[in-house]
Every structure is written in structure tokens, then in C-alpha cells.
2 protein chains.
Amino acid sequence: MMDIQIAVIDDHDLFREGLKLVLNQVEGFHVAYDTSNGYHFLETLNNIPIDMALMDIEMPVINGIQATGKALQVKPDLKIIALSMFSDTSHYTQMIHAGVRGFVLKKANKFELEQAIRTVHQGGNYFSQEILKKLAFRYTDQPSDRDQLTGREIEIIALICQGLTSYEISGQLHISVKTVETHRSNIFLKANVKNTAGLIVWAIKNQYYTVQ
Amino acid sequence: MMDIQIAVIDDHDLFREGLKLVLNQVEGFHVAYDTSNGYHFLETLNNIPIDMALMDIEMPVINGIQATGKALQVKPDLKIIALSMFSDTSHYTQMIHAGVRGFVLKKANKFELEQAIRTVHQGGNYFSQEILKKLAFRYTDQPSDRDQLTGREIEIIALICQGLTSYEISGQLHISVKTVETHRSNIFLKANVKNTAGLIVWAIKNQYYTVQ
DNA sequence: CTGTATCTCAGGGTTTACCCCGATAAAAAA
DNA sequence: TTTTTTATCGGGGTAAACCCTGAGATACAG
């Protein structure tokens, strides 16, 4: 029987190197390709015979979400499992939307990863327990579609994060203070926070504002 | 020549497994012990002949800071290198204080880790470039002794970042609301911000509070 | 012993945030 | 075309944040 040909895309060299050795020890697995760069992966995608890709999310140049989407456009039958450090709410929904068949946290052990790879290779899906919990939480907590932020709201979040008061924001956008306050309240509802402090942490966590 | 006997303490199974294989491939290195648990490490410390420990910081039960301190009490000649995912300011200062000889980020490659292990084994210190930059940044950005935050202030920053109001913080710390407000004002002066929004961004930027 | 830093608390004030309620007009979607 | 979403604005209120001043207790270093 043929080995499952695996590609590993992860910018953490130490982790990727180790993972390669771990997977090659497993009967029936073979790491055919590995790279630190989503861009290289897309370029060589047609030149290497792989069945499965283990994809990190946070990478420079092209992140895992973009790389997953583009790879599946080129090779729709490729099976991709997301491998992420954080059980980050915003990221995994984007990854699932991009078309991953599974999601495994890096803190998993090799048996869990092995099971995930076998399951997905046989046509199934595999999502870590933590991810499933988060998903269940999401659906009870905030039904995502209705809670999307509008353009104006995102604009105002940025200004709030810059430390501006509602009055200052109203001046900047040439609108009334009351309008700004209305947006503020609506944002609080959508973000499920109760004050500016909570909002800013939420905004940074969900990448509506970037520090540094 | 004897191999360098290495212990790996890290609760991320996949990473630890991989790291073990990577290090065992290196000429002169041998992973003599590995565990996911700082507690186990301390218990078996006297029964295993090791020269060097690679210690994760964030672990359940006993974290890397506590494990490092206690291990060096028992075995002062043990050389410990911190291995961390984040370039977390608050953590690495505590780790250095606990007595680590080096600090390597998990996103490093195996050559950097190899160099770190050899350097520390020969009696030197090794700190990743990112860590040194952070240290330098700290000293250039806020050199004045007067602007150092006190313990109480750092404590309150964390609570503010969690979205608590001054009243809630006063209850949590069993002090008056007025005291909390005084601390708040003093923090604003030191951070050079004018409201909570600015403070939180500043706190995250300077790693007094960590998102994710 | 004396200055300095830290932590504590208070009075009394202004400003801002936050929460109800309701409303209109335009744009987008159904 | 009807409905929904988005962006706009207001009244009127309470709670919280923020500012200024002053001050007592303790602990620590010079």
C-alpha cells in the first residue's frame, strides 16, 4: 500500500523539522515536502505528488487562510488540515471557510494528529475537541452572520483604539457625537463586551486593530 | 567525548516529540529525559544524569518559572534554557530572574537552538535576537527610574485590561475606589496616555497584558 | 534620623461613557 | 416593491471616568 504523501507548511523551523521526523516514523506516512512559506507551497503544488497538507495559520507573506484557498482552487481534491498554536476564534472560522478538512492544535499529541490524518485521508473530517467546543459556544453565543460589523463600525473601532473620545471621533468624521455613541453601543452588542476596555482587547484579538 | 545530556520539559507533546528527534540527530547531543510536566521533572531530577534542561514557560500545574527556580535550588550547576512561544516581556524577565542561562523562541531554527545549547554548555549565555531587542527597547523607551510601574500598578493594569471598572477592582483588591482611581491616574502619567483606551493599547504593546 | 517611594483614602469637581427611548433617510437586499 | 440594513441624530438620564488637591501610614535607603 502506498504511503500517504504529506506536505508540511509552517514557518516555525524547529517545529516543522520535528514534525517531519515524527510523521516519517509513523507507518504509512511520508512527508514528501515541507516549507516555511505558503508562497513556495503554491508554486510547487503541481510539481509534487501529495495527498495531504498540514497548514499553519500564522505565517509571513501568505498566511494559511490565503494559502489554503488558493491551493484548493488549483487542486480541489487536496486534503488540508489546519495546524494552529492558538485556538483562535477568528482564525479557525476563516480556515474552515477556506476549505480545510480538519483542525488540530499544536499542543495535541502525535496520536491525535495521526488519527486526524487518517480520518481526513479516508474522506472524513477531524476537529480537535477544543475547536468543537468553541464552535458550539459560538452558535449559542453569537450567531455570526447577523453580528458582522459594518464599514462605519470598523472605522470607529480603529479611532476608539487610538484613544480618541466620542467627541473627537465626531469631529474627525464630521458627524454628531450622538451618532458616534450609537455606533459605540452597537459595536458593544456585536462584540459582546461592556466597556471600552473590553472592546479594545476584543478588537486586537480579532485583528480589527493591530498593535506595534 | 561524552554527549551533552539534555532534558526537555514541554507540555506540547507534538513539539516535544519532534524536538527530541531533532536533537538526537545532532552530533554530541542526547535527550536523556523528557516530560510534559514540571512536577515530574523536579521529582526525577536527582535520578537522571543531565547537563542541560530546555524548559517551556507556560505549562499546567507548575510553570517554567517555578520549575526553574526549584530545580536550581536542588542542582545549582544545572544549565537551563527557556524555550518559549511568545516573546513575552513579563515572562522572560521572570525566567532570567529565576536563573536561566539562555532564552530561545520556539520559532527559532535548529541551528540557533544548537548554538544556544553549545554556548550555554560551555558556560556562556545565549539569548535570541528578539529577546535582546526587547530588552534594549525597554531600556531606551522608558529609562527613567521614576517611570517604572510599581507592583500594585501592574496588578491594576491587568484588571483594567480585563474590562473591570474601578469599583469592581476596588472590590477585588479590597481597597477603596478612590485608591484605584489614584493608581489609575498615576498609571496614565507613567504610560503617557489620557484614557483607558490608550492605556490598554500601551499595556499590550509593552506586554503588561497579553492577548490570546 | 530623614527623605523618598509606595499604598492608602477623601472631597469635590468636570467630562465622558454608557443606557434607555425613539426617529428619519438612503441604500441594499429580498 | 417591500423589507432590511446602514448611517444618521436627538432627549434625558445614570454610572463611570478623569482631574485636582491634599494627606496619613509604612517601609526602605541614604
Side-chain angles (χ1 to χ4, degrees), chain A residues 97 142-206 208-209, chain B residues 90 93-94 97 138-139 142-204 206 208-209:
Chain A
H97 194 256
Q142 34 180 303
S144 56
D145 274 23
R146 215 193 55 233
D147 284 10
Q148 285 296 342
L149 294 169
T150 68
R152 201 54 154 177
E153 284 165 352
I154 292 172
E155 201 173 354
I156 286 174
I157 287 175
L159 296 171
I160 292 174
C161 288
Q162 283 163 42
L164 275 65
T165 66
S166 293
Y167 175 75
E168 290 168 334
I169 294 171
S170 75
Q172 190 114 346
L173 300 179
H174 307 293
I175 56 177
S176 157
V177 181
K178 276 294 182 180
T179 306
V180 178
E181 289 184 338
T182 302
H183 284 306
R184 228 190 172 108
S185 296
N186 291 335
I187 292 167
F188 284 2
L189 284 176
K190 292 182 180 181
N192 193 30
V193 297
K194 66 180 178 66
N195 56 28
T196 303
L199 174 63
I200 291 175
V201 173
W202 177 88
I204 292 171
K205 197 176 284 185
N206 291 82
Y208 287 106
Y209 187 74
Chain B
S90 61
T93 49
Q94 288 177 276
H97 194 254
R138 271 248 159 155
Y139 281 111
Q142 25 178 286
S144 52
D145 284 14
R146 212 192 57 239
D147 284 9
Q148 285 296 342
L149 294 170
T150 67
R152 200 55 154 176
E153 284 165 351
I154 293 172
E155 200 172 354
I156 286 173
I157 287 175
L159 296 172
I160 291 174
C161 288
Q162 283 163 41
L164 274 66
T165 66
S166 293
Y167 175 76
E168 290 168 336
I169 294 171
S170 75
Q172 190 116 344
L173 300 179
H174 306 292
I175 56 178
S176 156
V177 181
K178 277 294 184 180
T179 304
V180 178
E181 288 185 338
T182 303
H183 283 305
R184 228 190 171 112
S185 295
N186 291 333
I187 292 167
F188 283 2
L189 285 175
K190 292 182 180 180
N192 194 32
V193 296
K194 65 182 178 62
N195 55 28
T196 303
L199 174 64
I200 290 175
V201 173
W202 177 89
I204 291 171
N206 291 81
Y208 287 106
Y209 187 74

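In what follows, chains carry the letters A, B, and so on, assigned in the order in which the sequence lines appear, proteins first and then strands, with residues in each chain numbered from 1.
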Open item on the list: I need the CD1-C1' distance between Ile187(B) and dT6(C), as an integer number of Å.
Closed with: 13 Å
Task: Of the listed nucleotides dT8(C), dC9(C), dA7(D), the one nearest the side chain of Arg152(B) - done: dT8(C)
TODO: For Gly151(B) and for Ala197(A), find the nucleotide of DNA chain C with the closest heavy atom, then tell me which residue's nucleotide is more 5'.
DONE: Gly151(B)
TODO: Using modelled atom types only, decide if a donor and an acceptor are shared between the side chain of Thr182(A) and the backbone of Lys178(A) within a distance under 3.5 Å.
DONE: yes
- [ ] Could you state the atom-to-atom distance from CG of Asn186(B) to P of dG22(D) in whole Å?
- [x] 16 Å
TODO: Nearest 0.5 Å please: distance from the CD atom of Gln162(B) over to the CD1 atom of Ile169(B).
DONE: 9.0 Å
Task: Whole-Å gap separating C1' (dA17(C)) and CG (Leu199(A)) - done: 12 Å
Open item on the list: Set out, in order, the CA-CA distance, both residues' side-chain angles and the distance that settles side chain to side chain contact (heavy atoms under 4.5 Å, CB included) for Tyr209(B) and Ile200(B), then state yes or no.
Closed with: CA-CA 8 Å; Tyr209(B) 187 74; Ile200(B) 290 175; 5.8 Å; no
Task: Contact nearer the 5' end of DNA chain C, comparing Leu173(B) with Lys194(A) - done: Leu173(B)
- [ ] Would you kindly give the CD-to-C1' distance between Glu155(A) and dA7(D), to the nearest whole Å?
- [x] 11 Å
- [ ] Check whether the side chain of Thr182(B) and the base of dC9(C) form a donor-acceptor pair under 3.5 Å.
- [x] yes
TODO: Take atom C1' in dT15(C) and the same atom in dG22(D), then report the distance between them in whole Å.
DONE: 22 Å
Task: Protein-nucleotide distance (Ile175(B), atom CD1; dA10(C), atom C1'), rounded to Å - done: 14 Å
TODO: Please state how far atom CD in Glu168(A) lies from atom C1' in dT16(C), giving the value in whole angstrom units.
DONE: 11 Å
TODO: Select one nucleotide: of dT6(D), dC9(C), dG10(D), the one nearest the side-chain heavy atoms of Lys190(A).
DONE: dT6(D)
Task: Basic-acidic side-chain contact under 4.0 Å: Glu181(B), Arg184(B) - done: no
Task: Distance, nearest 0.5 Å, that separates NE2 of His183(A) from CZ of Arg152(A) - done: 6.0 Å
- [ ] Check whether any side-chain nitrogen or oxygen of Thr150(B) sits under 4.0 Å from OP1 or OP2 of dA5(C), and answer yes or no.
- [x] no
Task: Separation of dT6(D) C1' from Ile154(A) CD1 (nearest whole Å) - done: 13 Å
Task: Rounded distance in Å - CG (Leu149(A)) to C1' (dA7(D)) - done: 15 Å
Task: Interatomic spacing from OH in Tyr208(B) to CG in Leu199(B) - rounded to 0.5 Å - done: 11.0 Å
TODO: Look at all strands and tell whether Ser185(A) reaches a base, only sugar-phosphate, or nothing, counting heavy atoms closer than 4.0 Å.
DONE: nothing
Task: Interatomic spacing from CG in Leu149(A) to CD1 in Ile157(A) - rounded to 0.5 Å - done: 4.5 Å
Open item on the list: For a quick check, with a 4.0 angstrom heavy-atom cut-off, what is the B/S/- contact string for nucleotides 11-17 of chain D, read 5' to 3'?
Closed with: BB---SS
